[in-house]
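What follows is one structure encoded as structure tokens, with my remarks underneath.
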Amino acid sequence: MSTPFDVAIVGLGAMGSAAAYQLARRGQRVVGIDRFSPPHGMGSSHGHTRMIREAYYEDPIYVPLVQRAYALWAELERAAGGRTLMIQTGGLMIGSEQSALVTGTLRSAQEHGLPHEVLASTALHRQYPAFSPLDDMVGIRDPRAGILLPEQIISAHLSLAEHHGAQLRRDTVVHGWERTAEGLAIRAGNEVVIARQVVVAAGAWTSSLLGEGVVPLRLERQVIHWFDPLQAPEYFTPKRMPVSMWELPNGNLFYTKPDLGDGVKIGMHHGGLEMTIDSVDRRISETEDALIYDLLRRFVPFAKGHPLDRAVCIYTNTPDRHFVVDRHPEEPDILILSPCSGHGFKFASVLGEVAADLIITGTSSFDLSTFALSRFAS
Ligand SMILES: Cc1cc2nc3c(=O)[nH]c(=O)nc-3n(C[C@H](O)[C@H](O)[C@H](O)COP(=O)(O)OP(=O)(O)OC[C@H]3O[C@@H](n4cnc5c(N)ncnc54)[C@H](O)[C@@H]3O)c2cc1C
């Protein structure tokens with residue numbers, strides 16, 4: 001029998017590709033396996049762009065992680081031969097002064113001493129004419145926010161992982177594993193791969209692989225739209241239009257991203273239909289179109305020109321929307337990496353590094369208690 005791999009990574013999307021790179025560059029014998037050929041459009045990491053922001057409204061605990069992520073994204077750009085993988089546009093978090101988006105952003109900015117600026121509605125519109133907020137809305141400007149290019153990042157992580165000796169099995173489904181004397185025997189396509197440890201980074205397929213109940217995950221369908229601006233295209237360039245998140249008076253959230261040549265992007269953040277991985281409906285209804293048209297007309301009116309493209313993507317949510325980075329409760333040689341809940345991509349670089357630390361040394365310099373599975377025990 002051949003020598004076991006040090007680590008097998010199941011799923012080579014955002015998280016698995018980053019983990020493969022970080023483990024391989026540190027000399028681990030890595031095999032990475034994916035049911036498709038990443039980057040692909042079937043999971044959670046497609047659609048040209050992802051937002052990165054530093055003043056993290058969800059919880060200040062994410063700030064040290066995202067700060068390390070920024071450094072690693074810059075490092076990845078250098079390792080990938082100077083390719084642009086991140087574009088700093090600045091960001092605006094827009095809502096009423098009482099909204100969770102605005103109060104949470106301010107809390108993170110203040111707690112971590114981050115640069116930020118509070119703009120009243122009229123000042124915001126004057127400075128960023130693409131946006132027409134309601135009179136009682138304010139915008140918190142996060143100067144370091146910007147855009148990541150997910151498909152290019154996954155490709156870069158995978159080719160660098162291969163450069164450092166990782167073996168990748170594309171279009172190969174992992175069906176399960178058994179414990180053997182040599183390690184975990186993983187059934188991958190027609191092959192059995194032996195590895196001492198396994199990282200499960202299977203995104204929306206995590207529960208179908210681990211079994212329902214190991215991680216309490218629910219899948220949510222999300223729709224993305226791209227538009228050709230109706231007028232004033234200069235307002236929508238990355239230089240003039242920051243990435244933005246909006247909280248509406250009813251608590252719903254949406255986001256926009258500038259035109260990188262593929263159109264202005266807009267989508268709802270949460271509020272999508274719950275589904276299972278076997279029942280993902282990739283058709284987009286007129287009602288879903290109408291909701292987005294209405295948001296654009298009210299808040300980004302010049303963007304509502306010709307619809308260019310639409311896509312369906314999947315959020316894999318935990319009940320508290322924090323990530324899961326923890327060992328399998330019954331199999332300590334399996335590390336579960338499920339950082340989605342609609343906000344995981346920006347952390348892929350640092351969570352790849354965290355996964356490598358956990359696999360190689362058993363510890364991380366970050367406090368990962370918020371991401372422990374034990375929080376769901378009660
Ligand atoms: C519309 C949308 C917008 C988003 N916007 C942002 C944003 O602006 N900023 C941000 O930070 N985050 C954002 N996110 C969240 C972020 O994209 C996700 O958190 C992240 O992409 C999840 O990565 P992942 O590796 O967990 O999943 P994926 O990238 O989907 O990877 C999982 C991989 O596992 C493979 N796999 C599954 N099962 C098996 C198996 N049995 N055998 C082999 N391979 C398997 C799949 O093929 C897939 O490649 C957004 C998500 C969506 C859907």
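Position 1 is the first residue of the sequence, and the numbers go up from there. Whatever order the structure lists them in is the order used to number ligands and atoms, beginning at 1.
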request  = Starting from atom 44 (N) of ligand 1, locate the nearest protein heavy atom and write down its residue, its atom name and how far away it is, to 0.1 Å.
outcome  = R35 N, 2.9 Å

task = Within a distance under 4.0 Å of any heavy atom of A201, pick out the atoms of ligand 1 and give their elements.
result = 32 (C), 33 (C), 34 (O)

query = Which residue holds the protein heavy atom closest to atom 12 (N) of ligand 1, what is that atom called, and what is the gap in Å?
reply = F345 N, 3.1 Å

task = Using a strict 4.0 Å cut-off to heavy atoms of I33, name the atoms of ligand 1 that fall inside it.
result = 43 (C), 44 (N)

key: ligand 1 atoms in contact with G43 (distance to a heavy atom under 4.0 Å)   = 30 (O)

message = Could you check whether any side-chain heavy atom of V215 comes within less than 4.5 Å of a side-chain heavy atom of L210, counting everything from C-beta outward?
response = yes

request  = Among S45, S44, C340, find the one that has a side-chain contact (heavy atoms from CB on, under 4.5 Å) with I314.
outcome  = S44

ask   = Does the side chain of K265 come under 3.5 Å of the side chain of T49 through a donor N or O and an acceptor N or O?
value = yes

remark   = Counting from 1 in the order shown, the ligand 1 atoms closer than 4.0 Å to a non-hydrogen atom of M51 are 7 (C), 8 (O), 9 (N), 10 (C), 11 (O)

key: contact_flag H40 ligand 1 heavy-atom lt 4.0 Å   = yes

Ligand 1 to G344 polar contact by distance, N or O atoms, under 3.5 Å = yes

query = On the ring face of F5, is R29 found with NZ or CZ under 6.0 Å from the centre and within 45° of the axis?
reply = yes

request  = Examine K304 relative to F227 and say whether NZ or CZ is less than 6.0 Å from the centre of the six-membered ring and inside a 45° cone about the ring axis.
outcome  = no

Polar side chain donor-acceptor pair, T276 to D278, under 3.5 angstrom = no

query = With only distance considered, is S44 within less than 3.5 Å of ligand 1 through an N or O on each side?
reply = yes

message = Any nitrogen or oxygen of L209, side chain or backbone, less than 3.5 Å from one on ligand 1?
response = no

message = Salt bridge check, E353 against R26: does any charged N sit closer than 4.0 Å to a carboxylate O?
response = no

query = Evaluating non-hydrogen atoms only, which member of F323, W205, F36 is closest to atom 37 (C) of ligand 1?
reply = W205

key: Pair R221 + E274: basic N to acidic O under 4.0 Å   = no

query = Which protein non-hydrogen atom lies closest to atom 20 (C) of ligand 1, naming both residue and atom, and how far is it?
reply = S45 OG, 3.8 Å

ask   = Tell me, which protein residue and heavy-atom name are nearest atom 41 (N) of ligand 1, and how many Å apart are they?
value = V174 O, 3.0 Å

key: Contact (N/O only, under 3.5 Å) between P339 and ligand 1   = yes

message = Return the closest protein heavy atom for atom 25 (O) of ligand 1 as residue, atom name and distance.
response = M15 N, 3.0 Å

query = H343 and ring pair (Phe, Tyr, Trp, His ring centres under 6.0 Å): which partner among F323, Y57, Y315, Y255?
reply = F323

inquiry  = I'd like to know whether ligand 1 has K257 as a neighbour, heavy-atom separation below 4.0 Å.
reply    = yes

request  = For atom 51 (C) of ligand 1, find the nearest protein heavy atom and state the residue, atom name and distance (0.1 Å precision).
outcome  = Y315 CE1, 3.4 Å

ask   = Does A204 have a non-hydrogen atom less than 4.0 Å from ligand 1?
value = no

ask   = Are T172 and ligand 1 in contact, using a heavy-atom cut-off of under 4.0 Å?
value = yes

request  = May I ask you to check if ligand 1 and Y255 share an N or O to N or O distance below 3.5 Å?
outcome  = no

ask   = Is the Y62 ring parallel, tilted or perpendicular to the F371 ring (thresholds 30°, 60°)?
value = tilted

ask   = What protein heavy atom sits nearest atom 47 (O) of ligand 1, and how far off is it?
value = D34 OD1, 2.6 Å

message = I need the R283 CZ to E288 CD distance, nearest 0.5 Å.
response = 10.5 Å

query = What atoms of ligand 1 come within less than 4.0 Å of a heavy atom belonging to G13?
reply = 25 (O), 29 (O), 31 (O), 33 (C), 49 (O)

inquiry  = Salt bridge check, R25 against E75: does any charged N sit closer than 4.0 Å to a carboxylate O?
reply    = yes

ask   = What is the nearest protein non-hydrogen atom to atom 34 (O) of ligand 1, stated with its residue, atom name and distance?
value = G11 CA, 3.2 Å

key: Atom indices of ligand 1 within 4.0 angstrom of A14 heavy atoms, with elements   = 21 (O), 23 (O), 25 (O), 29 (O)

ask   = Got an N/O contact under 3.5 Å between G16 and ligand 1?
value = no

Atom indices of ligand 1, in the order listed, that fall short of 4.0 Å to a heavy atom of I224 = 1 (C)

inquiry  = Checking the N or O distance criterion of under 3.5 Å, is ligand 1 in contact with R50?
reply    = yes

ask   = To the nearest 0.5 Å, what is the distance between CG (L209) and CZ (R35)?
value = 8.5 Å

key: Connected via hydrophobic side-chain network under 4.5 Å: V138 and Y56   = no

query = Should G267 be listed as contacting ligand 1, given a heavy-atom distance under 4.0 Å as the test?
reply = no

query = Mind checking whether W73 and V350 have side chains closer than 4.5 Å, heavy atoms only?
reply = no

key: Heavy-atom closest contact (H269 atom, M245 atom, distance)   = CD2-CE, 3.6 Å

key: Side chain, backbone, both or neither: I314 near ligand 1, heavy atoms under 4.0 Å   = backbone

remark   = Rounding to 0.5 Å, atoms OG1 (T89) and CZ (R53) come to a distance of 12.0 Å

key: Which of the ligand 1 atoms, numbered from 1, are nearer than 4.0 Å to a heavy atom of G203   = 26 (O), 27 (O), 32 (C)

